[in-house]
Amino acid sequence: MEDKKEPLNFIEEFIEEDIRNGKHAGRIHTRFPPEPNGYLHIGHCKAIWINFELAKKYGGKTNLRFDDTNPTTEDTEYVDSIKGDIHWLGYDWEGREYYASDYFGQLYEYALVLIRKGLAYVDDSTQEEIAAQKGTPSQPGTESPYRSRSIEENFDLFERMKNGEFPDGARVLRAKGDLTSPNMHMRDPILYRIKRDHHHRTGDDWLIYPMYDFAHGQSDSIEGITHSLCSLEFIHHRPLYDWFIEKLEIFPSRQIEFARMNVSYMITSKRRLLKLVNEGHVSGWDDPRMPTIAGMRRRGYPAEALREFCKRTGVAKRDNLIEIELLEHCVREVLNRDALRVMAVLDPVKLVITNYPAGQTELMEVENNPEAPETGSRQVPFSGELYIEREDFMEEPSKKFFRLAPGQMVRLKSAYIIQCEDFVKDPATGQVTEIHCTYFPESRSGNDTSGLKAKGTLHWVSAAQAIDAEVRMYERLFTDPEPTSHEGKDFMEFVNPESLRVISHAQVEPGLRDAVSGQSYQFIRKGYFSADADSTPEKPVFNLTATLKDSWKGGN
RNA sequence: AGACCCAUGGUGUAACGGUAGCACUACAGAUUUUGGUUCUGUCUGUUAAGGUUCGAAUCCUUAUGGGUCUACCA
């Protein structure tokens with residue numbers, strides 16, 4: 001039998017080609033290299049997925065390496081959250097937790113090698129002068145007046161930079177690249193700068209810090225990374241990446257660039273996300289509306305759904321804007337399979353069954369998850385006084401309204417068929433305050449002998465036993481799929497003022513008193529909800545994860 | 001302006017010179033004690049023009065469009 005070959009993405013093709021050629025004896029080693037200066041978001045999620053899944057597929061390994069070469073912005077607080085997020089996503093670096101700062105000593109030695117080879121020099125030019133020397137993409141750069149210093153002088157100056165003899169910013173170490181290259185990164189890039197900042201790991205050991213270009217590739221090389229996968233904007237860095245490997249004569253890691261994932265209605269700019277937090281549009285980095293991994297976790301998105309989402313969106317080099325509907329589909333797919341069904345009335349209106357024996361309570365057997373019969377069932381109290389959803393009653397129903405209306409019959413889920421006889425309205429507000437029905441005792445779920453058929457089925461809770469819950473209803477954070485794409489308009493103009501609606505007094509079935517933070521439920525007919533950490537024994541709190549798909553078109 | 005990257009339905013992604021497929025979305029229908037799920041069906045596509053070839057989404061050229069690069073950030 002021939003198994004259909006699953007199509008490979010372009011990175012897999014490169015890898016398989018390398019394997020065929022016997023490169024590195026077929027060894028595959030990737031790395032996920034976050035900078036510990038912020039929280040992980042949906043974009044990182046894709047990078048994590050690519051690096052870990054690819055290594056897994058080819059029997060390789062993935063390192064976690066913190067790219068911590070800029071002490072000014074980095075902090076251990078982020079290290080911890082990043083590690084937690086990766087683990088939650090379902091990936092493990094098996095103890096290979098490294099830091100670019102682990103290699104500061106080695107990197108310094110590499111710099112000396114370049115100086116010795118006459119390929120690096122200490123430059124006294126100011127930041128502005130260096131910028132001017134770079135030229136423009138269409139005009140070549142000009143030589144720094146310090147470019148031709150002797151090797152001895154460069155050794156001396158660089159060591160004194162390291163020893164703290166010069167103030168911050170006074171000098172830098174630059175590579176002697178190609179000032180005529182159309183690639184700006186080759187025009188004598190800066191390798192080291194002087195910075196008297198406390199580093200979260202090396203403390204005050206160092207006064208000079210390597211730049212990204214002089215740290216990343218060498219770190220890959222030191223760790224024996226075979227395939228260094230990064231996003232497309234680093235493509236112009238690749239010649240430099242290769243140049244250092246060649247000149248330093250070190251292990252040749254290979255950089256491959258892919259297009260990062262963009263998702264509609266989500267933004268990933270650290271600066272912008274921070275603004276949302278600082279200005280109080282969200283409650284924090286883990287607000288359920290945030291595109292951060294912490295936010296999506298709190299929202300109730302299962303890690304499995306995120307992984308599936310990454311898988312389905314593929315790996316390629318073209319710019320993309322993935323519709324958030326696909327993410328939501330993946331979320332629903334997992335939750336439909338796994339979430340326990342419960343009944344919760346978000347906008348309660350009282351329903352009285354006039355012919356139900358006064359004071360009587362029955363226990364109704366309700367299935368926990370029809371998609372997973374092995375999850376069994378539970379007993380839910382039923383009585384003559386219930387709450388149902390306000391929107392499930394219409395005084396003057398439209399033709400296709402299959403729910404409750406004067407004279408109409410519905411099935412109460414896992415209970416009886418009822419018929420609406422009457423209703424009470426508040427004369428002042430015009431609002432329906434009570435609905436009166438009769439029930440058909442022989443229509444009990446499980447042994448219905450009534451022969452009656454109801455077109456609609458409603459969820460309900462028994463008024464006496466229901467408990468109060470807070471439910472947070474979330475909508476998209478932005479009113480526009482690409483809030484940052486509009487020229488002349490700030491993305492803040494598109495913040496959705498209705499992205500959060502708090503329902504303070506939903507009525508939910510009594511079993512939900514024990515809801516554990518993080519647990520997902522399907523509130524029947526309403527959507528998927530996740531118990532929030534703000535829950536108390538007195539009052540559970542739920543976040544809307546995603547509504548159910550709704551094919552009901554409403555009126556007429 | 002120069003260099004580099006990219007271009008397949010509304011969206012994302014396959015087809016590796018030989019029938020343009022899959023998923024999401026949208027719409028229609030069947031089933032349903034969740035207007036959910038499941039199932040079936042429908043709509044919409046190779047940026048353009050040349051060239052190579054028996055044959056081009058695929059190879060070549062040009063054009064067009066989009067993106068990236070000109071931080072002592074990563």
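Order of the sequence lines sets the chain letters (A, B, ...), proteins ahead of strands, with each chain counted from 1.
The partner of B:rU58 cannot be assigned: no Watson-Crick or G-U wobble pair with both contacts below 3.5 Å exists in any strand. Using N1 to N3 plus N6-O4 or O6-N4 for Watson-Crick, or N1-O2 and O6-N3 for G-U wobble, each under 3.5 Å, B:rG12 pairs with B:rC22. If you check B:rG35 for Watson-Crick or wobble pairing at under 3.5 angstrom, you find it has no partner at all. The nucleotide B:rC4 finds its pairing partner in B:rG67, both defining distances of the Watson-Crick or G-U wobble pair being shorter than 3.5 Å.
The CD-P distance, from A:Glu74 to B:rA74, rounds to 7 Å in whole Å. Here B:rC73 presents its C1' atom at 17 Å from OH of A:Tyr192, a figure rounded to the nearest Å. In this structure, the CG atom of A:Asn262 is 10 Å from the P atom of B:rG12, given to the nearest Å. Atom CD1 in A:Ile388 sits roughly 15 Å away from atom C1' in B:rU34 (whole-Å rounding). Rounded to an integer number of Å, the gap from CG of A:Asn320 to C1' of B:rA14 is 16 Å. Distance CG (A:Asp319) to C1' (B:rU13): 15 Å, rounded to an integer number of Å. Rounded to whole Å, atom C1' of B:rC69 lies 11 Å from atom CD1 of A:Ile235. We find that CD of A:Glu391 is positioned 13 Å from C1' of B:rU34, with the value rounded to whole Å.
In this structure, A:Leu326 reaches the sugar-phosphate backbone alone: every heavy-atom distance under 4.0 Å involves primed, P, OP1 or OP2 atoms, never a base. Among the protein residues, A:Thr313 comes within range of the sugar-phosphate backbone only, with heavy atoms under 4.0 Å from sugar or phosphate atoms but none that close to a base.
Tested against A:Tyr192, the residues A:Phe158, A:Tyr209, A:Trp206, A:Tyr110 include a single ring pair (Phe, Tyr, Trp, His ring centres under 6.0 Å) partner, A:Phe158.
In the interface, the side chain of A:Ser445 is paired with the base of B:rU33 through a donor and an acceptor atom under 3.5 Å apart. For B:rA74, its base sits under 3.5 Å from the side chain of A:His237 at one donor and acceptor pair at least. With hydrogens and angles ignored, a donor-acceptor pair closer than 3.5 Å exists between the side chain of A:Arg411 and the base of B:rU33. Counting atom types as modelled, A:Gln522 pairs no side-chain N or O with a base atom of B:rG36 as donor and acceptor under 3.5 Å. Between the side chain of A:Glu325 and the base of B:rG10 there is no donor-acceptor pair of N/O atoms closer than 3.5 Å. The base of B:rU34 is not paired with the side chain of A:His459 by any donor and acceptor separated by under 3.5 Å. In this model, a side-chain donor or acceptor of A:Arg341 finds a partner on the base of B:rU34 within 3.5 Å.
Residues A:Arg525 and A:Val315 both approach RNA chain B. Their nearest nucleotides, taken by heavy-atom distance, put A:Val315 toward the 5′ side. Between A:Leu321 and A:Phe10, the one whose closest nucleotide on RNA chain B sits nearer the 5' end is A:Leu321.
Across the C1' atoms, B:rU37 and B:rU64 are found 46 Å apart, a figure rounded to whole Å. On the C1' atoms, B:rU58 is 11 Å away from B:rA20, given to the nearest whole Å. Spacing between B:rU8 and B:rU33 at atom P, rounded to whole Å, works out to 45 Å. Atom C1' of B:rC60 sits at a distance of 31 Å from the matching atom of B:rU11, rounded to the whole Å. For the C1' atoms, the distance linking B:rG18 with B:rU13 amounts to 22 Å, nearest Å. For the P atoms, the distance linking B:rA3 with B:rC22 amounts to 42 Å, nearest Å. For the C1' atoms, the distance linking B:rU47 with B:rU25 amounts to 23 Å, nearest Å. Spacing between B:rA7 and B:rA48 at atom C1', rounded to whole Å, works out to 12 Å.
Side-chain contact check for A:Glu389 and A:Tyr387: no donor-acceptor pair (N or O, by modelled atom type) lies under 3.5 Å.
For A:Phe10 and A:Phe258, the gap between ring centers reaches or exceeds 6.0 Å.
Taking only side-chain nitrogens and oxygens, A:Ser264 never comes nearer than 4.0 Å to OP1 or OP2 of B:rU11. A sub-4.0 Å separation between OP1 or OP2 of B:rA74 and a side-chain N or O of A:Thr69 is present. Residue A:His329 places at least one side-chain N or O under 4.0 Å from the OP1 or OP2 atom of B:rC24. Residue A:Arg193 places none of its side-chain N or O atoms closer than 4.0 Å to OP1 or OP2 of B:rA71. OP1 or OP2 of B:rG67 has not a single side-chain nitrogen or oxygen of A:Arg260 nearer than 4.0 Å.
Distance from the side chain of A:Phe401 is smallest to B:rG35 among B:rA74, B:rG35, B:rC72. Checking B:rC5, B:rG36, B:rA1 against every side-chain atom of A:Glu371, the shortest atom distance belongs to B:rG36. When distances are taken from the side chain of A:Lys317 to each of B:rA71, B:rC6, B:rG36, the shortest belongs to B:rC6. Closest contact between the side chain of A:Leu232 and the listed nucleotides B:rA14, B:rC5, B:rC72 involves B:rC5. Closest contact between the side chain of A:Pro370 and the listed nucleotides B:rG36, B:rC24, B:rC5 involves B:rG36. Out of B:rG2, B:rC72, B:rU34, the shortest distance to the side chain of A:Pro182 is found at B:rG2. For A:Arg318, whose side chain is taken as the heavy atoms from C-beta onward, the closest listed nucleotide among B:rG36, B:rC72, B:rA14 is B:rA14. The side chain of A:Lys549 lies closest to B:rA26, out of B:rC24, B:rA26, B:rA74. Nearest to the side chain of A:Asn9, among B:rA14, B:rC72, B:rA23, sits B:rA14. In this structure, of B:rC73, B:rG35, B:rC4, it is B:rC73 that holds the atom nearest to the side chain of A:Lys195.
Other residues, nucleotides and ligands contribute at most 12 non-hydrogen atoms within 6.0 Å of the NZ atom of A:Lys311.
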Candidate pair A:His216 and A:Tyr212, rule ring pair (Phe, Tyr, Trp, His ring centres under 6.0 Å), full reasoning: CA-CA 6 Å; A:His216 198 97; A:Tyr212 165 85; 5.0 Å; yes
Walk me through whether A:Arg187 and A:Glu143 qualify under salt bridge (charged side-chain N to carboxylate O under 4.0 Å, His left out). CA-CA 9 Å; A:Arg187 320 238 279 220; A:Glu143 285 199 14; over 6 Å; no
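In summary, A:Glu325 and A:Lys549 do not engage in a salt bridge, as defined by a charged side-chain N under 4.0 Å from a carboxylate O.
Using a 4.5 Å cut-off on side-chain heavy atoms (C-beta onward), A:Ser264 and A:Glu482 make no contact.
For A:Arg171 and A:Phe166, the positive end sits near the middle of the six-membered ring, less than 6.0 Å away and at most 45° from its axis.
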